[in-house]
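Written out below as structure tokens is the structure these notes cover.
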Amino acid sequence: MYHLACIHCGAEYAPGEIIYTCPKCGHLLTVDYDLDAINVSREAWNRRPISVWRYREILPVTIPPVTLQEGGTPLYHLERLGAEMGLPHLYAKHEGMNPTGSFKDRGMTVGVSMAVQLGMKSVACASTGNTSASLAAYAAKGGIPAVVLLPAGKVALGKVAQALMHGAKVIAVRGNFDRSLEMVRDLCLKHGIYLLNSVNPYRLEGQKTIGFEAVDQLGDVPDRLVLPVGNAGNISAVYKGLRELETLGFIDRLPMMTGIQAAGSQPLVQAIQGSLPAVVPEANPETVATAIRIGAPVNGEKALIAIRETGGTAASVTDEEILAMQRDLAQKEGIGVEPASAASVAGIKKLVEEGRIDRDERIVCVVTGHLLKDPETVIRQCPPPIEIDATEQALLSVLHLSS
Ligand SMILES: Cc1ncc(COP(=O)(O)O)c(C=O)c1O
């Protein structure tokens, strides 16, 4: 029902081949389904609970999946923030509400299931944090050992805690994410370990379901879908999935795919704004949003297609803008996200202020990870609790109340 295909030269490979890029030309692979042969209807999907596995006919897993009940995340109408920005139809899809607190769980339920399906004995990834947390949890559930490589000192505390507690072998590399990814790719190729970074096309299959759910929850295709971009896997996955829905005849148009990066780490934005044929890596990416502190996005080639084919765009936001939006989401909407996630909404604020988007658009911002992932950045921004003596008088005094 499906095979692997190179997005550049079109070469086709059997689904069971353990390859991550095209052996002929070195470009990225994708999972191609014979959509004409797939027997599915939207009504059948709608009868199932909303989750990654609602859409199982266009996922590659044929065994009982390794699942922690991922997906089915809330879509919130951002009424207050939208009113402030003059955007009446602004929504946030809160991927922090997944089992380990980020969208990576969608990719890992499929990725780890594929590892089992393909008979792989161990799994590995490099990570800015969330991928490692998710891989560790799903590997634990699947009963296979996991190795994760993290850039030393550059991963938020909650994510390291998760990877450690779920029992992965956690290795801190004295280098950045891009170097860690090179090292783990090499390790996997030489030692038969299954690589579960987003260069693995099967992992992206799980992540494409964010777009399916957004359409189902909104009851229509949003005009614009906005994602924070690091390795550019998620934006590519969502675009691919929606193209499949279009081919199946379930939707009749695509949203304008919009990628947001941090100002100190924005190679995709530069490629879009400069109309470059390819993404030029940035040697020293830096941002408070450590999840998207990536200079050489492996899925850049796919992301350029996603943005260009849908008339979307890419924009960057400063660390100050990211943190201000993290506070706004928390304090005006009750939505707690980590800094990288706030980038998508901060990006929309900037685009609307610059007059680059229509105020009537229906916009879904994907907020990718939970507030508790990065408690240190929260603590740095907020005043500490007010400590008092254990007396009524002390309590009333700090509240400026009289007895
Ligand atoms: C919270 C969060 N947001 C966004 C991203 C970026 O996703 P991608 O690398 O698929 O572009 C990541 C990646 O680690 C992440 O953890």
Side-chain angles (χ1 to χ4, degrees), residues 1-5 13-23 28-33 51-53 55-56 58-71 98-100 102-127 129-150 159 162-171 180-181 183-209 231 233-234 236-237 240 298-299:
M1 285 289 227
Y2 65 88
H3 57 264
L4 294 171
Y13 303 95
E17 283 204 49
I18 309 298
I19 47 175
Y20 307 103
T21 49
C22 178
L28 296 167
L29 298 170
T30 191
V31 182
D32 254 2
Y33 299 86
S51 79
V52 168
W53 297 102
Y55 312 99
R56 57 183 173 256
I58 45 172
L59 291 174
V61 178
T62 54
I63 59 168
V66 178
T67 175
L68 293 166
Q69 300 180 25
E70 47 293 313
N98 273 297
T100 76
S102 86
F103 70 94
K104 306 283 182 174
D105 294 345
R106 295 178 185 269
M108 286 307 172
T109 184
V110 172
V112 172
S113 298
M114 286 306 289
V116 174
Q117 187 168 312
L118 296 170
M120 303 302 287
K121 297 289 176 248
S122 54
V123 290
C125 72
S127 177
N130 281 324
T131 307
S132 68
S134 188
L135 180 64
Y138 282 83
K141 179 75 179 170
I144 41 177
V147 178
V148 306
L149 273 65
L150 308 175
K159 307 174 187 181
Q162 288 177 293
L164 289 169
M165 183 52 104
H166 286 300
K169 189 166 199 74
V170 180
I171 298 165
S180 306
L181 181 56
M183 288 173 68
V184 80
R185 277 175 89 151
D186 234 38
L187 175 82
C188 288
L189 289 173
K190 288 186 183 143
H191 298 276
I193 302 172
Y194 197 52
L195 178 64
L196 275 170
N197 277 99
S198 60
V199 68
N200 182 324
Y202 290 127
R203 209 194 91 188
L204 295 186
E205 289 303 290
Q207 290 171 210
K208 74 185 181 185
T209 60
N231 237 346
N234 216 21
S236 308
K240 181 206 187 249
V298 279
N299 292 292

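Because the structure is predicted, anything quoted here is derived from the model rather than measured.
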Do T30 and L4 have side-chain heavy atoms sitting under 4.5 Å apart? no
How would you list, by chain and number, every residue that makes a side chain to side chain donor-acceptor pair (under 3.5 Å) with S113, sequence neighbours excluded? none
I'd like to check C22 versus L29 (side-chain heavy atoms, cut-off strictly below 4.5 Å). Are they in contact? yes
Distance in Å, T100 OG1 paired with M108 CE, rounded so as to fall on 0.5 Å steps: 9.0 Å
Correct closest heavy-atom pair for P15 and L118 would be O-CD2, 4.2 Å
Tell me, do S134 and F103 make a side-chain contact under 4.5 Å, heavy atoms counted? no
To the nearest 0.5 Å, what is the distance between CG (L135) and CG (D105)? 10.5 Å
No-hydrogen, no-angle side-chain donor-acceptor test under 3.5 Å, E70 and W53: yes
With distance as the sole test, does R203 use its side chain to make a donor-acceptor pair with the main-chain N or O of L196 at under 3.5 Å? yes
Can you tell me if T209 uses its side chain to pair, donor with acceptor, with the backbone of G206 under 3.5 Å? yes
If the condition is side chain to side chain donor-acceptor pair (under 3.5 Å), which residues does N231 pass it with, not counting sequence neighbours? none
Is N197 close to Y20 at the side-chain level, that is, under 4.5 Å between some pair of heavy atoms? no
Measuring from L181:CG to D186:CG, what's the distance to the nearest 0.5 Å? 10.5 Å
Identify, with sequence neighbours excluded, every residue that meets salt bridge (Lys or Arg N to Asp or Glu O under 4.0 Å) alongside R106. E95, E213
Is there a donor-acceptor contact under 3.5 Å linking the side chains of S198 and N299? yes
For K141, which residues count as a salt bridge (Lys or Arg N to Asp or Glu O under 4.0 Å) partner, sequence neighbours excluded? none
Do V61 and M114 touch side chain to side chain, with heavy atoms closer than 4.5 Å? yes
Sorted by chain and number, sequence neighbours left out, salt bridge (Lys or Arg N to Asp or Glu O under 4.0 Å) with E205 holds for K208, K240
Do R185 and L195 have side chains that get closer than 4.5 Å, going by heavy atoms? yes
Taking only residues two or more places apart in sequence, or in another chain, which ones meet E17 in a side-chain contact (heavy atoms from CB on, under 4.5 Å)? Y13, A14, I19
Pairing residues for Y202 by the ring-ring contact (aromatic ring centres under 6.0 Å, His included) criterion, not counting sequence neighbours: none
Side chain to side chain donor-acceptor pair (under 3.5 Å) partners for Y194, two or more places apart: N200
State, to 0.1 Å, how close V123 and A115 come at their nearest heavy-atom pair, and which atoms those are. CG1-CB, 3.7 Å
Grab the two heavy atoms, one from A168 and one from V148, that are nearest each other, plus how far apart they are. CB-CG1, 4.2 Å
State which residues pass side chain to side chain donor-acceptor pair (under 3.5 Å) with S132; sequence neighbours excluded, sorted by chain then number. none
Non-neighbouring partners of L164 that pass side-chain contact (heavy atoms from CB on, under 4.5 Å), sequence neighbours left out: V160, V170
Grab the two heavy atoms, one from K159 and one from A133, that are nearest each other, plus how far apart they are. O-CB, 4.1 Å
Can you see whether N234 engages Q207 through a side-chain donor-acceptor pair at a distance of less than 3.5 angstrom? yes
Taking only residues two or more places apart in sequence or in another chain, which ones pass side-chain contact (heavy atoms from CB on, under 4.5 Å) with T62? Q117
Would C125 and T131 satisfy side-chain contact (heavy atoms from CB on, under 4.5 Å), going step by step from the backbone distance to the final call? CA-CA 7 Å; C125 72; T131 307; 3.8 Å; yes
Can a donor-acceptor pair be found, under 3.5 Å and without considering hydrogens, that links the side chain of T109 to the backbone of V66? yes
For P145, check side-chain contact (heavy atoms from CB on, under 4.5 Å) against everything at least two apart and list the hits. S122
